[in-house]
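Every chain is numbered from 1 and lettered A, B, ... according to where its sequence line falls, protein lines coming before strand lines.
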There are 2 protein chains.
Amino acid sequence: MPTPPYRQIADDLRRRILDGDLPPGAVVPSENALVEQYGVAAETARRALAVLAAEGLTEARRGSGTRVRSFRPILRQAGKRLAAEQWGSGRSIWQADLDQRPMTVDRATVAEQPCPARIAESLGLEEGAAVWVRDRRYLVEGVPVMLATSYLPAGLVAGSAITRPDSGPGGTYARLAELGWAPVAFREQVRARMPLPEEAEALQLGAGSPVVLIVRFAFARDGVPVEVNEMTLDASRYLMEWEFPA
Amino acid sequence: MPTPPYRQIADDLRRRILDGDLPPGAVVPSENALVEQYGVAAETARRALAVLAAEGLTEARRGSGTRVRSFRPILRQAGKRLAAEQWGSGRSIWQADLDQRPMTVDRATVAEQPCPARIAESLGLEEGAAVWVRDRRYLVEGVPVMLATSYLPAGLVAGSAITRPDSGPGGTYARLAELGWAPVAFREQVRARMPLPEEAEALQLGAGSPVVLIVRFAFARDGVPVEVNEMTLDASRYLMEWEFPA
DNA sequence: GGTGTTGACTTCCTTAGGGAACTAGCGGGA
DNA sequence: TCCCGCTAGTTCCCTAAGGAAGTCAACACC
């Protein structure tokens, strides 16, 4: 069972990319070039390039060419407790942009809706109970990087700024604190998979970019759940970090 | 710019899968069936099925057929602090196997090696300094689910059970504690991407399965780094969880 | 009743050829 | 100098045809 030609070509190109022979931004040989170079049919060359695109290593633009993608992630830090001066080593295997690029929001919608079943259970509500739903899309340097939908029990937040698009300084959690429901603990559940078409469209994902799904549960005193936040991240743009004691 | 046929067919099938019309394990219409049903060429039908496979929704077995994949994740809990009785709600959006299936190890290798550059910086060592490298592959129910490679400074662990394949009861961290280097804090950095071929082979990944990369830094008292652990997880088999205070 | 073989069905991969859609750069005209 | 149109090159998509390789079940045979 010899590896088929399209796979061999893909392996060649992949090694050139990983070796740095084809650095980020470099132009990958075109379909026609591969046809000549390897003596295969156009469709076979096309398949080879499709493999790399599916792995997220390259990005093709019709009419222009195929280029090597770069990975320059945004650092998302959760549960940051460790002082930088003392715990400085172990900084980053993958260098991430520590200088925070500003994150902006577009497409924000806020509405009162009946609670979906899966959320209701987490919030300790009945299915269909009223919740305020805050839906947002976040951009960094103009490109969408994250979708977030958070659910808050209407009984807790009715009348507050949480029910308005601009929740004010400090955001939702500051308002919750003013209402006497300051979050004291968080639980985040994380998984990764390939995006659905609507997710790929909303995040402008190229082929081969997985998404990371994070569901954050926020708890106030006595373990009262006050928020569930479902986030969808472009995995190719994020480096996530959690810290916790032994 | 109408959506091309192969994409329409993929959309049809995807909706049937997500709606539950084609439940996990069900057989997806074959290439020939799609050729008849939609009146397209075989290659087009094939492309439609390839889309679903690339999204990780289906799994094709040559000669047998294409089936809908199921997502039955292993729960990986890190930094668990919250008592179950008080913080019980917000249990799981995605139902995960809480009843821990036993995890076994095969392909374990332990060796003293010169430290790679990226690890050296994190451990506060010079590049090429001696480290003990523990390389393992974990199985659940016979299928590989995770690769892990951990690095420990030779100056700290020389002579201990850490340098042997079986590190004894309680594992590496118990031995570190006995040596006076008990870990007191952890930092985990996480990203997701499509696997490299060797990763896909080692984890027996089907097409469309991303991998999750976790790098864990373990710190002893005074912020001394004592271990770096690089893990590679089959994303389609894991649900990860972190907990932390506000 | 078991056992081995055959054949239908499946996915996988390739060549050959054609066309659509898009991009970037070049040259000519105002 | 600036702008427009053309053109060569690019990716994307499809049809048609054929063969390789694996799976599974029915059927004939002992």
Side-chain angles (χ1 to χ4, degrees), chain A residues 1-14 17 22 25-69 197 200-201 204-209, chain B residues 1-14 17 22 25-69 197 200-201 204-209:
Chain A
M1 52 218 61
T3 63
Y6 86 97
R7 209 158 255 288
Q8 285 185 27
I9 299 174
D11 289 348
D12 276 9
L13 294 175
R14 186 188 304 107
I17 293 172
L22 290 172
V27 183
V28 177
S30 73
E31 294 179 0
N32 291 348
L34 294 177
V35 165
E36 276 199 16
Q37 188 175 343
Y38 290 90
V40 293
E43 189 63 27
T44 303
R46 186 177 151 61
R47 287 268 278 272
L49 290 176
V51 168
L52 299 181
E55 290 173 352
L57 286 176
T58 63
E59 198 163 21
R61 267 175 50 199
R62 185 193 296 201
S64 176
T66 305
R67 288 187 150 73
V68 180
R69 270 175 50 170
E201 205 251 352
Q204 293 175 19
L205 296 174
S209 295
Chain B
M1 51 230 63
T3 64
Y6 85 97
R7 209 157 255 290
Q8 285 184 25
I9 298 174
D11 289 348
D12 275 9
L13 293 175
R14 186 186 305 106
I17 292 173
L22 291 171
V27 182
V28 176
S30 73
E31 295 178 1
N32 292 348
L34 294 177
V35 165
E36 276 199 16
Q37 189 175 341
Y38 289 91
V40 294
E43 188 61 28
T44 302
R46 184 177 154 60
R47 287 266 277 271
L49 290 176
V51 168
L52 299 181
E55 290 172 353
L57 286 175
T58 63
E59 198 164 20
R61 267 176 48 197
R62 183 194 296 201
S64 175
T66 304
R67 287 187 150 76
V68 180
R69 269 173 54 166
E201 204 251 354
Q204 292 176 21
L205 297 174
S209 296

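Under the 4.5 Å side-chain criterion, counting only non-hydrogen atoms from C-beta, L34(B) is not in contact with V40(B). In this structure, D12(B) and Y38(B) have side chains that are in contact, with non-hydrogen atoms separated by less than 4.5 Å. The shortest distance between side-chain heavy atoms of V51(B) and L13(B) does not fall below 4.5 Å.
Considering all non-hydrogen atoms of both residues, R69(B) and S209(B) come closest at NH2-OG, 2.9 Å.
Atom CD1 in I9(B) sits roughly 13 Å away from atom C1' in dT15(D) (whole-Å rounding).
Paired with L22(A) under the rule side-chain contact (heavy atoms from CB on, under 4.5 Å), one option of T58(A), L57(A), I17(A), V27(A) passes, and it is I17(A).
How far OH of Y6(B) is from CG of D11(B): 10.0 Å, rounded to the nearest 0.5 Å. Atom CD1 in I9(A) sits 8.5 Å away from atom CD in Q37(A) (nearest 0.5 Å).
Annotation: side chain to side chain contact (heavy atoms under 4.5 Å, CB included) contacts of V35(B) (sequence neighbours excluded): A42(B), A45(B). The side chain to side chain contact (heavy atoms under 4.5 Å, CB included) test applied to A41(A) returns T44(A), not counting sequence neighbours.
Within residues 52-59 of chain B, no residue approaches DNA chain D, by heavy-atom distance under 4.0 Å.
Across its full length, the helix from dG1(C)-dC30(D) to dA30(C)-dT1(D) shows an angle of 10° between the axes of its 5 terminal pairs at either end, rounded to 10 degrees.
Every pair passing salt bridge (Lys or Arg N to Asp or Glu O under 4.0 Å) that includes a residue from residues 47-67 of chain B is listed here, sequence neighbours excluded: E43(A)-R47(B), R14(B)-E55(B).
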Could you encode protein contacts along nucleotides 7-13 of chain C as a string, one character per nucleotide from 5' to 3', using B for base contact, S for sugar-phosphate-only contact and - for no contact, with a heavy-atom cut-off of under 4.0 Å? --BBBBB
